[in-house]
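Notes to accompany the following structure.
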Amino acid sequence: MTYGARESEEGSGSMADIQVYGATWCPDCRRAKKFLSDQRVAFAWHDIDGDDAGLREVETRNGGKRIIPTVVFADGSHLAEPSNEELADKLGLARSAMQHVYDLVIVGGGPTGLTTAIYAARENLETLVIDSKGLGGQAGVTERLDNYPGFPEGIGGAELANRFVKQAERYGDELLQAVSVTSITDEGHRELDVETATGEHYHARAVLIATGSSYRRTDAEGEDELIGAGVHFCATCDGPFYKGSRELLVVGGGNSGLEEGLFLTQFTDTVVVVERGDRLRGSKLLQDKVENHAKMQVLLEHGVAAFRPKDGGSGKLGTVELEDLKTGERSERHPDGVFVFVGLDPNTGFLGDRIALDDRRFVATDQTFMTSVPGVFAAGDVRGGSTKQLASAVGEGAAVAIQIRGHLYRIDRERDEGIGA
Ligand SMILES: Cc1cc2nc3c(=O)[nH]c(=O)nc-3n(C[C@H](O)[C@H](O)[C@H](O)COP(=O)(O)OP(=O)(O)OC[C@H]3O[C@@H](n4cnc5c(N)ncnc54)[C@H](O)[C@@H]3O)c2cc1C
């Protein structure tokens with residue numbers, strides 16, 4: 001498996017070990033592509049609409065039938081219309097752990113979870129990390145990190161994530177990916193149960209919630225249908241598709257929107273930033289860069305009302321309907337692609353009402369990173385009050401590891417002295 005890889009441009013298939021044949025209008029193709037991207041597996045995408053060689057390949061492999069997606073692997077084998085489970089098995093992803101009882105289960109294998117795992121394993125704590133996507137979290141899908149200490153020239157997000165993974169493996173942590181945790185239950189007697197979507201139950205005396213946050217959507221009409229077909233949330237992942245394009249739209253004038261908008265200028269003639277407020281919200285430094293950049297334009301007090309596909313049934317983005325928020329007037333733009341950066345939501349849905357959350361649904365913790373459930377800790381971007389930066393995620397990962405060590409030491413001592421449950 002290649003960590004840190006992204007979908008390559010159509011037709012440049014020889015660069016990747018895996019070839020995915022499909023069409024933009026095919027929801028199963030989008031699902032398979034998303035699964036591979038989530039696992040950070042490199043693949044080349046072939047849109048068989050208008051690609052005769054790709055279409056022939058699909059028909060030859062499937063006895064004359066046009067079954068998509070058809071996924072061809074480096075060993076020459078292929079899967080037609082594979083489920084995510086079949087893809088995970090083919091990629092050799094471990095989906096269940098070696099044992100069912102651990103000292104510590106870490107939910108989320110981003111920078112926070114992996115740092116805690118490194119610290120915990122060095123303390124000889126048997127530690128299992130479970131991630132629903134690919135290990136490395138948001139850092140793994142970030143093009144370049146320029147503010148992470150120790151790398152004066154900056155470092156690629158995927159490379160840094162791979163280093164975290166290697167270090168955790170070196171200390172003997174067990175790491176699962178493509179497995180979602182669906183609940184955490186206090187079983188009493190200081191035992192916690194972690195259930196996964198694969199139906200496994202893992203028991204531990206301490207659990208860390210390090211599930212980070214997800215991109216927020218605009219919720220404009222047509223957005224869902226056009227995700228991956230013109231509407232994107234990651235410039236690093238999808239920006240290169242727009243090499244040589246005329247115009248890209250960035251929705252959101254905060255730090256992410258401005259940073260990613262500047263990044264996108266290398267692929268296109270014009271980047272238009274659409275911001276609902278009457279001014280940009282990013283840092284002064286970024287605002288200055290945007291203002292002075294010949295390719296950047298800003299449209300204030302506008303919001304996206306709808307995303308509409310091109311005529312002709314290609315399923316690709318054709319028109320973006322914008323609303324002037326002062327006058328209510330609608331106007332149309334026809335960008336080649338749209339990148340949405342309107343904030344993050346914490347990944348806490350799986351916790352139900354078992355663990356106290358703050359008013360923005362981030363996990364509430366005390367000063368020791370402990371949640372409302374004894375033995376369950378939270379750190380990194382998912383924690384209320386965290387700073388949503390890589391260095392602080394890593395810092396919280398280290399700090400919570402020390403708190404967990406202290407907690408386990410205390411409950412062991414109490415058990416030995418016959419105190420408590
Ligand atoms: C585009 C972008 C650019 C950025 N650039 C910078 C930068 O330049 N500098 C900087 O300092 N920071 C940057 N950041 C922020 C930085 O990446 C985050 O602060 C950091 O990754 C947070 O780490 P985390 O481990 O807390 O969460 P995440 O990185 O979000 O990791 C959480 C992990 O939990 C997993 N997960 C979620 N739910 C479940 C579940 N139910 N079961 C199992 N696993 C689950 C997810 O798959 C994910 O892998 C950037 C972020 C983004 C999105």
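Index from 1, following the sequence. Every number for a ligand or one of its atoms is a count from 1 in the order of the listing.
- The nearest pair of heavy atoms linking I209 to I184 is CG1-CD1, 3.8 Å.
- The six-membered or imidazole ring of F377 lies near that of H407, with a centre-to-centre distance under 6.0 Å.
- Every atom of ligand 1 with a heavy atom of A210 under 4.0 Å away is listed here by number and element: 32 (C), 33 (C), 34 (O).
- Between N147 and ligand 1, at least one N/O pair is under 3.5 Å apart.
- Looking at heavy atoms from C-beta onward, H201 lies in side-chain contact with D193 at the 4.5 angstrom threshold.
- Ring geometry for F267 against F263 counts as perpendicular: the plane angle is over 60°, on a 0 to 90° scale with 30° as the lower cut.
- Of the polar atoms of Q138, at least one N or O is found under 3.5 Å from an N or O of ligand 1, judged by distance alone.
- Y202 and H100 have parallel rings, their planes meeting at less than 30° on a 0 to 90° scale where 60° marks the start of perpendicular.
- Distance alone, capped at 3.5 Å, is enough to place a donor-acceptor pair between the E86 side chain and the S83 backbone.
- Near V107, meaning under 4.0 Å from one of its heavy atoms, ligand 1 places the atoms 42 (N), 43 (C).
- Using a 4.0 Å cut-off to heavy atoms of G380, the atoms of ligand 1 that qualify are 26 (O).
- Heavy-atom contacts of K133 reach the following atoms of ligand 1: 47 (O) (cutoff under 4.0 Å).
- Note: H232 and F339 have parallel aromatic rings, judged against thresholds of 30 and 60 degrees for the angle between ring planes.
- Of the candidates G110, P111, A235, P111 brings a heavy atom nearest to atom 23 (O) of ligand 1.
- Salt bridge annotation for R308-E332: absent, with no cationic side-chain nitrogen under 4.0 angstrom from a carboxylate oxygen.
- Separating the CZ atom in R281 from the CD atom in Q287 is a distance of 10.0 Å, to the nearest 0.5 Å.
- Residue D381 has at least one N or O atom closer than 3.5 Å to an N or O atom of ligand 1.
- The S213 neighbourhood of ligand 1 comprises atoms 30 (O), with distances under 4.0 Å to a heavy atom of that residue.
- Those atoms of ligand 1 with a heavy atom of L390 less than 4.0 angstrom away are 10 (C), 11 (O), 12 (N), 16 (C), 19 (O).
- Geometric assessment of K90 against the ring of F73 yields a positive cation-pi assignment under the 6.0 Å and 45° thresholds.
- Checked against a 3.5 angstrom limit, the closest N/O atoms of Q389 and ligand 1 fall inside it.
- Ligand 1 has an N or O atom lying under 3.5 Å from an N or O atom of V181, backbone or side chain.
- Contact analysis puts Y215 in contact with ligand 1, with a non-hydrogen atom separation below 4.0 angstrom.
- Proximity to G137 (heavy-atom distance under 4.0 Å) selects the following atoms of ligand 1: 29 (O), 31 (O), 48 (C), 49 (O).
- Surrounding CZ of R122 are at most 12 heavy atoms belonging to other residues, nucleotides or ligands under 6.0 Å away.
- Around atom 48 (C) of ligand 1, the closest heavy atom drawn from L114, D131, V129 belongs to D131.
- For ligand 1, none of its N or O atoms has an N or O atom of N347 under 3.5 Å away.
- Contact atoms of ligand 1 toward A393: 22 (C), 23 (O) (distance under 4.0 Å to a heavy atom of the residue).
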